[in-house]
Asks: 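Sharing a structure with you now.
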Amino acid sequence: MPWLCCRREKLTPGSLMKAVIRSGRGDATPADGDQVILHCTIRTMEGIVVNSTRREHGGKGIPLRFVLGKSKMILGFAEGFPTMLKGEIAMFKMEPKIHYAEDDCPVTPPDGFPKDDELQFEVEMLDFFKAKVVTEDLGVVKKIVDEGKGWETPREPYEVTARITARTADGKEILPSKEVPYFFTLGKSEAPKGLEMGIGTMARKEKATIYVTSTYLTESSVMPQLEGLEEVHFEVELVQFTQVRDMLGDGRLIKRRVVDGSGEFPMDCPLHDSLLRVHYKGMLLDEPKSVFYDTQIDNDGEPLEFCSGEGLVPEGFEMCVRLMLPGEKSIVTCPPDFAYDKFPRPANVPEGAHVRWEIELLGFEVPKDWTGLTFKEIMEEADKIKNTGNRLFKEGKFELAKAKYEKLLREYNHVHPQDDEEGKIFANSRSSLHLNVAACYQKMGEYRKSIEACNKVLDANPVHVKALYRRGMSYMLGGDFDDAKNDFEKMVTVEKSSEPDATAALVKLKQKEQEIEKKARKQFKGLFDKKPGEISEVGVESKNGGDTAGSGEAVTSRDRDGSGKSSLPSAESDHAFDEERPGLIGRIWPSARRIFSSLGLNRCTIL
């Protein structure tokens with residue numbers, strides 16, 4: 001380590017000397033990342049004890065613990081410990097600059113300590129092992145005794161079953177073992193904080209010793225009496241834990257696993273859009289006997305099959321199923337806004353009802369891999385996903401629709417057309433997807449992101465009329481009237497047939513500008529009529545006034561072909577959207593100069 005290399009420059013011949021008093025066992029020595037446990041007695045060169053961990057020399061009988069490469073320690077220890085074997089006793093003679101008189105020494109000696117004297121440090125290396133540092137201040141450190149199974153570890157608010165014994169640092173038992181394991185919930189202060197943190201790094205069936213200092217010894221039902229304890233060593237066997245997940249982080253949507261599934265979490269979960277097969281029973285949370293649906297009864301024993309990512313089940317239901325393993329059974333409690341308040345509600349589920357689902361994931365099928373498919377087959381698969389996105393868009397599920405389009409765009413990064421014809425088809429499809437994403441952002445009121453999506457099309461083809469139209473609409477909705485005007489006017493120069501659409505859009509733009517300026521006049525009426533020092537109030541809208549800005553989009557000739565159908569994107573096709581009204585600030589300030597000019601105020605200073 002760089003800082004240790006700099007300290008080593010202080011070593012000179014004879015400044016640190018070692019004599020072995022009792023040989024150790026084996027040939028392994030401590031390395032960086034190991035925790036060393038040792039007794040130490042410090043003497044003057046005349047043999048007078050000045051400090052010790054041993055009771056016979058006035059100490060508390062509590063060994064010292066250091067993690068090499070992590071703990072702060074004197075230079076003599078940093079150099080001497082890595083030379084020792086387990087069980088070895090050695091005497092280190094150190095000059096002052098090697099112990100506490102070192103310049104910028106990272107540790108402070110006790111009061112009255114003879115730091116300017118040459119001293120002898122008798123060290124007994126009791127044990128060392130690879131340590132798991134749980135907290136940066138080394139207040140919680142773990143030693144793995146037996147490896148566990150799998151790699152999933154518990155966290156708040158998982159329910160834990162564990163066998164636990166506890167001893168003080170000098171070996172006194174303070175929490176005896178029980179035949180029945182302890183059961184508690186992480187995060188509810190039912191066990192000392194340091195113990196919870198250590199268990200949070202353990203796998204199922206793992207056995208470990210967790211070293212916890214007083215900073216992390218909080219009172220709990222497991223250990224109600226902790227007064228006067230400086231350090232506790234917990235011997236833990238993690239028997240089992242139940243996955244309990246707070247899906248929203250606010251305690252409203254809770255998934256509790258009651259039967260483990262097969263595979264490793266979360267790698268073997270249907271995280272990506274898949275065809276899912278589940279059995280489930282739905283009940284009102286306050287009335288557990290009021291079952292409103294049971295696939296075993298109401299679906300003739302057949303499981304429910306649905307594709308995730310398509311809005312076919314309530315959002316809370318899908319969120320939880322995506323984190324289940326095949327064969328897993330879970331109980332889900334769900335608030336109304338993630339259950340049926342935003343989803344077709346069963347007749348016997350009242351509005352605003354909290355529900356409980358008992359769900360079993362029977363299995364799932366991942367989407368077809370495009371590897372090995374021909375270009376034609378790839379485009380056919382892409383059209384299926386795109387059509388699903390279009391349906392979601394039409395249903396007003398813009399986030400889900402956008403996710404479908406963006407998924408396709410990511411997949412397109414691995415598609416390579418083989419000739420000009422395929423290249424043209426592929427480019428058109430990619431542009432269509434970008435404009436669909438732009439339409440979703442526009443519906444969601446995120447006009448800047450909509451503009452960025454349009455720019456991806458215009459970067460490749462600066463004369464793409466649909467992209468100019470879509471971007472112009474986003475500019476207009478965002479209050480950037482000049483940029484919107486530029487795009488609408490450019491449409492005509494690019495494609496003569498787009499003139500009716502461009503003209504209608506420019507008319508609508510003019511109307512919006514006038515409406516915004518009229519609203520601004522009303523809002524700022526009287527603001528500049530007072531003398532200096534007087535206070536003016538911004539005009540408020542009349543009860544019948546409201547926002548005069550129109551929210552409908554002009555219907556243009558380009559919006560229809562001869563059959564009355566839209567030639568520009570629609571919800572049934574690629575890029576449907578209706579215009580949305582921007583926020584007040586977004587509409588006012590982009591045209592502030594024109595507003596104040598129309599008020600006869602070319603310059604304004606507000607004091």
Side-chain angles (χ1 to χ4, degrees), residues 398 402 405 430-521 523-524 547-559 567-569 574-599 602:
F398 306 119
K402 181 172 72 69
Y405 301 140
R430 186 195 290 268
S431 295
S432 173
L433 289 170
H434 280 305
L435 293 180
N436 286 358
V437 171
C440 292
Y441 276 129
Q442 198 175 89
K443 278 291 191 180
M444 294 157 60
E446 299 186 48
Y447 305 125
R448 281 290 126 197
K449 291 183 179 179
S450 177
I451 291 166
E452 290 170 5
C454 293
N455 286 341
K456 292 177 181 178
V457 178
L458 292 168
D459 288 344
N461 181 7
V463 293
H464 197 291
V465 174
K466 289 183 179 179
L468 288 169
Y469 184 83
R470 171 91 4 105
R471 189 174 71 174
M473 295 302 298
S474 293
Y475 276 135
M476 183 177 72
L477 293 170
D480 296 331
F481 297 146
D482 290 339
D483 289 330
K485 182 179 179 182
N486 291 338
D487 277 350
F488 295 146
E489 289 178 344
K490 187 174 181 180
M491 288 172 58
V492 181
T493 64
V494 169
E495 187 178 312
K496 189 66 176 176
S497 63
S498 68
E499 185 172 355
D501 294 333
T503 301
L506 287 167
V507 169
K508 183 64 180 177
L509 177 64
K510 186 65 175 177
Q511 291 173 349
K512 273 198 167 291
E513 288 184 287
Q514 292 172 348
E515 290 167 355
I516 294 301
E517 291 181 5
K518 181 179 179 181
K519 187 177 181 71
R521 286 173 177 271
Q523 291 284 69
F524 291 102
D547 186 353
T548 58
S551 60
E553 184 175 315
V555 179
T556 69
S557 61
R558 187 171 183 83
D559 289 332
S567 61
L568 281 178
D574 286 345
H575 332 284
F577 63 91
D578 292 325
E579 184 178 317
E580 294 189 10
R581 182 163 51 88
L584 177 61
I585 297 299
R587 298 196 304 268
I588 291 176
W589 291 113
S591 55
R593 181 165 49 185
R594 292 192 300 275
I595 292 170
F596 287 121
S597 176
S598 67
L599 292 172
N602 293 324

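Worth saying up front: this structure is predicted, and the values here are computed from it rather than measured.
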Asks: Would you give the length of the straight line joining atom CD1 of Ile516 to atom CD of Gln511, rounded to the nearest 0.5 angstrom?
Replies: 12.0 Å
Asks: Are the side chain of Ser474 and the backbone N or O of Ser450 linked by a donor-acceptor pair below 3.5 Å?
Replies: no
Asks: Determine, step by step, whether Tyr405 and Cys440 satisfy the side-chain contact (heavy atoms from CB on, under 4.5 Å) criterion, reporting the C-alpha distance in whole Å, the side-chain angles of both residues, the deciding distance to 0.1 Å, and the verdict.
Replies: CA-CA 10 Å; Tyr405 301 140; Cys440 292; 3.8 Å; yes
Asks: Applying salt bridge (Lys or Arg N to Asp or Glu O under 4.0 Å) to Glu452 and Lys449, what does each step give before you reach the verdict?
Replies: CA-CA 5 Å; Glu452 290 170 5; Lys449 291 183 179 179; over 6 Å; no
Asks: Side chains of Asp480 and Tyr447: closer than 4.5 Å at any heavy-atom pair?
Replies: no
Asks: Any chance you could measure Leu506, atom CG, to Phe488, atom CZ, to the nearest 0.5 Å?
Replies: 6.5 Å
Asks: Which heavy atom of Phe481 sits nearest to which heavy atom of Met476, and what is that distance?
Replies: CE2-O, 3.5 Å
Asks: Nearest 0.5 Å please: distance from the CD atom of Glu495 over to the CE atom of Met491.
Replies: 8.0 Å
Asks: Do Asn461 and Val463 have side chains that get closer than 4.5 Å, going by heavy atoms?
Replies: yes
Asks: In the structure I gave you, are the side-chain heavy atoms of Arg470 and Val457 within less than 4.5 Å of one another anywhere?
Replies: no
Asks: So which atom in Ala484 and which in Gly472 form the shortest heavy-atom distance, rounded to 0.1 Å?
Replies: CB-O, 3.4 Å
Asks: Looking at Leu458 and His464, what are the two nearest heavy atoms and their distance?
Replies: CD2-O, 3.8 Å
Asks: With rounding to the nearest 0.5 Å, note down the distance linking CE in Met473 to CG in Asp487.
Replies: 11.5 Å
Asks: How long is the gap from CG on Leu477 to CG on Leu509, to the nearest 0.5 Å?
Replies: 10.5 Å
